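What follows is a set of notes on a single structure, which appears directly below.
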Amino acid sequence: MKIEPTSLEAYRLLHQGTLALARAERQGIRCDVEYIESAKKRLTKQIERLEQKFLSTKFYRHWEHTVKGKVNIYSDTQLRIFLYTIKKLKPLKTTETGKGSTDEEALLGLGIPELNNLLQIRKLKKNRDTYLDGFLREQINGYIHPSFNLHLVRTYRSSSDRPNFQNIPKRDKESMLLTRRALFPRPGHQLLGIDYSGLEVRIAACYHKDPNMLKYIHDSTTDMHADMAKQIFMIDDFNKDIPEHSYLRNAAKNGFVFPEFYGDYFRNCAEGMACGWGKLPHGRWKSGEGVNLPGMALSDHFISKGIKSLDDFTNHIKEIEKDFWGNRFREYAKWKEQWWKTYQKNGFIKMKTGFTCSGIMGRNDCINYPVQGAAFHCLLWSFIRLDTILDRFNYKTRLIGQIHDEIVFDVYPPELEKILILAKEITCKELPRTWKWINVPLSVDAEVCDVDASWADKKKIEIP
DNA sequence: GGAACTCGCCAC
DNA sequence: AAACGTGGCGAGTTCC
């Protein structure tokens, strides 16, 4: 399988993109070496304490007993043998190669309290060894210079390495604070992130033009994820401002809508939602389980609606999927079929951005690549344009990185307002003016940190 | 003793 | 009919 620029414009995008990203790499991101060193020490102490606690448990002593040599509690191979061969527990899921899984979901599912301890240690080690250590190893004079690659990803998205700037913790509050507290703007400056909202969904709509999707995108009073949450969780009076409802909206978005767009199907979605977000087990559900809705646990809520087990829930999601592709997004579904057929006939597909994907692709690849690629190209075009303007008009603000649909700036504070306006103009107005195939409105959100504050301190800001 | 692999987990 | 898209990276293990 191969993707290549098959228009001059596509070639130029990569050429200019490489230059603009190289300038961001040269700028780098300041990091607080002292903080990193002390945070590492703190983490090491915490890890040692948790290790001691783990080593004194009955669970570990049993494990130790069954092994000839020394136990390495961080060896998944050893843990797998102990859990699934010695203790003869049934693995809740298997790995790619068919062996019993020891990932977080699988371990939690076993209901062994000592394993929660191990999971906690894993998390701390990840933060210490991948992120903090990575920053420390890669920093030069207090600056890291992550690489941004345009030549490594199948879809012609970008990747980042040494260190990877595109996977620094964000969702988990504790990990986010720990790692992002290490990254700073240059002295006297402030960090700013401008990100496209729902970019891939919008770019997909440029291909399939489904009227219902276009309505969701154009009409800001509608909310696709809220509608899906109402349907999945059977809530009549949905209110985004109720924290529980907001939680369920997220569950619907990440547990159903996005996986379906990537090509997943109801069985995985149901299981993922039930076990991941709702913490509801396989088999029948008991009262009091799952996340709390106002005055009621999720399990009671479902039971009251006649959904009493994971099987019931799976059937429920199956019906919703049928409605999703058969009614709600019928034109989208038709486009997917048509697109797949066209590929099978021609052996290639063309991205909106002038790249051609050819060679052997699966059905999901065929549908995902042109969307993922073109969405990133929107970001790259905006990045190049901003880079040009900042340079031409001698701004002191710099571009320092990019995370697929977000541009990260190191802002000279007196320029903040101008930068916000400029960024919005380029990303939402100039881009669609230049690329006529963008037939949907684009929008961006902004998050900014105070002057001299770390990347952990970012707050939403309105763009004037 | 290093290359290549697997697994788990972070991001979009 | 089939069934989650794209990466990077650390640690453990296996192979040569």
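Every chain is numbered from 1 and lettered A, B, ... according to where its sequence line falls, protein lines coming before strand lines. On a predicted model such as this, the values are computed, not experimentally measured, just so you know.
- Nearest heavy atoms, A:M351 versus A:Y369: CE-O, 3.8 Å.
- Note: CD1 (A:I73) to C1' (C:dA11) measures 13 Å, nearest angstrom.
- Side-chain contact between A:L21 and A:R26: absent, with no pair of heavy atoms (C-beta onward) separated by less than 4.5 Å.
- Between the side chains of A:Q166 and A:Q402, at least one donor N or O lies within less than 3.5 Å of an accepting N or O.
- Cation-pi geometry between A:K253 and A:F258 is not met: the NZ or CZ atom fails to fall both under 6.0 Å from the ring centre and inside 45° of the normal.
- Geometrically, A:R122 does not engage A:Y74 in a cation-pi contact defined by less than 6.0 Å to the ring centre and at most 45° from the axis.
- Counting to the nearest Å, the P atom of C:dA11 and the CG atom of A:L124 are 14 Å from each other.
- Summarising the geometry, the separation between NZ on A:K318 and C1' on C:dA2 is reported as 13 Å, rounded to the nearest angstrom.
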Discussion item. Base contacts versus sugar-phosphate-only contacts with protein, heavy atoms under 4.0 Å: please encode nucleotides 7-12 of chain B as B, S and - from 5' to 3'.
Written reply: SSBBSB
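- Residue-level contact check: A:R128 touches neither bases nor backbone, having no heavy atom under 4.0 Å from any strand.
- Here the closest non-hydrogen pair linking A:N368 and A:Y262 is ND2-O, 3.0 Å.
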Identify each atom pair where a protein N or O and an N or O of nucleotides 2-4 of chain B are less than 3.5 Å apart, giving names and distance.
none

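- The interatomic distance linking A:Q402 (CD) with C:dG7 (P) rounds to 14 Å, in whole Å.
- Between the side chains of A:D410 and A:Q190, no donor-acceptor pair of N or O atoms lies under 3.5 Å.
- Aromatic pair A:F324/A:F329: centroids less than 6.0 angstrom apart.
- Computed from coordinates, the A:R154 CZ to C:dG8 C1' distance equals 16 Å when rounded to whole Å.
- If you take CD1 of A:I47 and C1' of C:dA11, they are 13 Å apart, rounded to a whole angstrom.
- A donor-acceptor contact under 3.5 angstrom links the side chains of A:D457 and A:S454, judged on distance only.
- Comparing atom distances between the A:Y369 side chain and each of C:dG5, C:dG8, C:dC4 picks out C:dG5 as nearest.
- Near DNA chain C, meaning a heavy atom under 4.0 Å away, the residues from residues 332-367 of chain A are A:N364, A:D365.
- Summarising the geometry, the separation between CG on A:L136 and C1' on C:dG10 is reported as 16 Å, rounded to the nearest angstrom.
- Under the side chain to side chain contact (heavy atoms under 4.5 Å, CB included) rule, A:Q16 has a single partner from A:L380, A:I384, A:D387, which is A:I384.
- Residue whose closest nucleotide on DNA chain C sits further toward the 5' end, between A:D264 and A:S160: A:D264.
- Note on A:L152: only backbone sugar-phosphate atoms sit closer than 4.0 angstrom, heavy atoms only; bases stay farther off.
- In this model, no donor atom of one side chain and acceptor atom of the other lie less than 3.5 Å apart for A:S101 and A:T94.
- Looking at A:D195, its side chain never comes within 3.5 Å of a backbone N or O of A:E406 through a donor-acceptor pair.
- If you take OH of A:Y74 and C1' of C:dT13, they are 18 Å apart, rounded to a whole angstrom.
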